[in-house]
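In what follows, residues are counted from 1 in the order of the sequence shown. First listed ligand is number 1; within each ligand, the first listed atom is number 1. Below, each value reflects all heavy atoms present in this structure, side chains not excepted, and no hydrogens, waters or symmetry copies.
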Amino acid sequence: MLLQVVRELDLPPDSVALDVGCGEGAHSFRLATHFGFEVLGVDPVQRHLDLAREARRDEPEEIASRVSFGRGSAERLPVADSSADLVWCRDVLVHVADLDAAYAEMARVLRPGGRAVVYQFVATPLMSDAEAAWLFPVMGVVPSSMSPEATDSAVAGAGLVVDADLELGSEWGEHAEEESGQGGRALLRVARLQRDPERYRAAFGDAAYDVMLGDSLWHVHRMLGKLSGRILVLSRP
Ligand SMILES: C[S@@+](CC[C@H](N)C(=O)[O-])C[C@H]1O[C@@H](n2cnc3c(N)ncnc32)[C@H](O)[C@@H]1O
């Protein structure tokens, strides 16, 4: 669906795209493969960049030659002003405390007329304060960055224009459940982790237990409508 959003922007091949918070680079490769973009994946975590560079070796030469990776963060992108046609930022900004800085940086690096596609989770009113208070720190989520208002204010402050604001509920989770049973397996993991925590804590440690429970609950909350997705399509005037 996000790739379809990019397709509809109708950017020419060879456009310069930044994959902000690229992780292990899966979407950097997709942007090069589907659209012929020149892609720079940026992430603050060296391990992710190492894995992305390793994955680059398995790509065909015409894709690998279009994709590179560099260290940086959403708040400080390692590229010149007005140098990008597209910023792609998927599932990253809930980890960023200073959304004003992140959106200002997006506006700085986009050329006039450049576009951004941002996808992030937001908490819905169905998520209780107690659930959020346990889950967000475990998942490395900055609670204030889950609020749609904080994003709206940062986008406006950066002078970016909102071309589309799409809500994505449980559709992806429903699809994954039908295709692969992913949601059901997450629910099963939650049940077992909660029924016999000591077994898992003893084997993997307390921190790993919390992350596994948090990750599994994330899928379940998404299916229950406690978490929802937001896709923003932005442009720099
Ligand atoms: C959930 S992963 C998403 C990875 C990738 N965008 C994807 O959609 O598969 C979150 C990524 O954000 C990165 N990240 C965390 N803080 C960041 C920041 N301040 N700026 C940019 N990326 C950040 C993490 O290192 C991680 O790779």
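For Glu177, there are no side-chain hydrogen bond (donor to acceptor under 3.5 Å, both in side chains) partners two or more places apart in sequence or in a different chain. Scored by the side-chain hydrogen bond (donor to acceptor under 3.5 Å, both in side chains) test, Ser170 finds Glu174 as partners (sequence neighbours excluded).
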- Task: Would you sort out whether Val39 and Arg66 count as a side chain to side chain contact (heavy atoms under 4.5 Å, CB included), showing the intermediate values?
- Result: CA-CA 6 Å; Val39 186; Arg66 290 181 169 277; 5.8 Å; no
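Using the six-membered ring where Trp is involved, Tyr200 and Tyr209 have ring planes that are tilted, between 30° and 60° apart.
Using a heavy-atom distance under 4.0 Å as the criterion, the protein contacts of ligand 1 are Gly21, Cys22, Gly23, His27, Asp43, Pro44, Val45, His48, Ser73, Ala74, Glu75, Arg90, Asp91, Val92, His95, Val96.
Proximity of a side-chain donor or acceptor of Ser15 to a complementary backbone N or O of Asp85 within less than 3.5 Å is not detected.
Pairs passing the salt bridge (Lys or Arg N to Asp or Glu O under 4.0 Å) check and including a residue from residues 180-202, sequence neighbours excluded, read Arg201-Asp206, Arg201-Asp210.
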